[in-house]
**Student:** 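Below is the structure I would like to discuss, written out as structure tokens.
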Amino acid sequence: MAFSCVVCGKKRMSGNNVSHANNKTKRVFRPNLQTVRALLNGTAQRIRVCTRCLRSGLIQKA
């Protein structure tokens, strides 16, 4: 399931695990999403928001 932040649209990114022997295997960096009750269009809804948007005050909690 592809989850993303409702506010900024941040999604997962891909990269490599790099071992001491410099072997590379694929890995995934996922955003730190939290489910919060926030005011959206005047009503309280449960949305998934990244912690950066929460911390910077881009949403108003219900």
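For clarity, every value in this text was computed on a predicted model and none was experimentally measured.
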**Student:** Under 4.5 Å between any side-chain heavy atoms of Cys50 and Cys8, yes or no?
**Tutor:**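 Yes, side chains in contact.
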**Student:** What's the spacing between Lys11 NZ and Cys5 SG if we round to 0.5 Å?
**Tutor:**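 Reported value, rounded in 0.5 Å steps: 12.0 Å.
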**Student:** If I compare all heavy atoms of Ala38 with all of Ile59, which pair ends up nearest, and what's the gap?
**Tutor:** CB-CD1, 3.9 Å
**Student:** Report, as yes or no, whether the 6.0 Å neighbourhood of atom CZ on Arg27 holds more than 12 heavy atoms from other residues, nucleotides or ligands.
**Tutor:** yes
**Student:** Can you hop from Ile47 to Leu33 via hydrophobic side chains spaced under 4.5 Å?
**Tutor:**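 No, separate clusters.
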**Student:** To the nearest 0.5 Å, what is the distance between CG (Asn16) and NZ (Lys26)?
**Tutor:**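 Here the rounded value is 5.0 Å.
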**Student:** Quick check: closest heavy atoms across Val49 and Cys53, and the distance to 0.1 Å?
**Tutor:** CG1-CB, 3.6 Å
**Student:** Let me check something: do Leu40 and Val36 share a hydrophobic cluster, defined by ILVMFWY side-chain heavy atoms less than 4.5 Å apart, either directly or through other members?
**Tutor:**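 Leu40 and Val36: one cluster.
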**Student:** Roughly how far, to the nearest 0.5 Å, is NZ of Lys10 from OG of Ser4?
**Tutor:** 11.5 Å
**Student:** Per the side-chain hydrogen bond (donor to acceptor under 3.5 Å, both in side chains) rule, what does the pair list look like for residues 42-56, sequence neighbours excluded?
**Tutor:**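 Listed by first then second residue: nothing to list.
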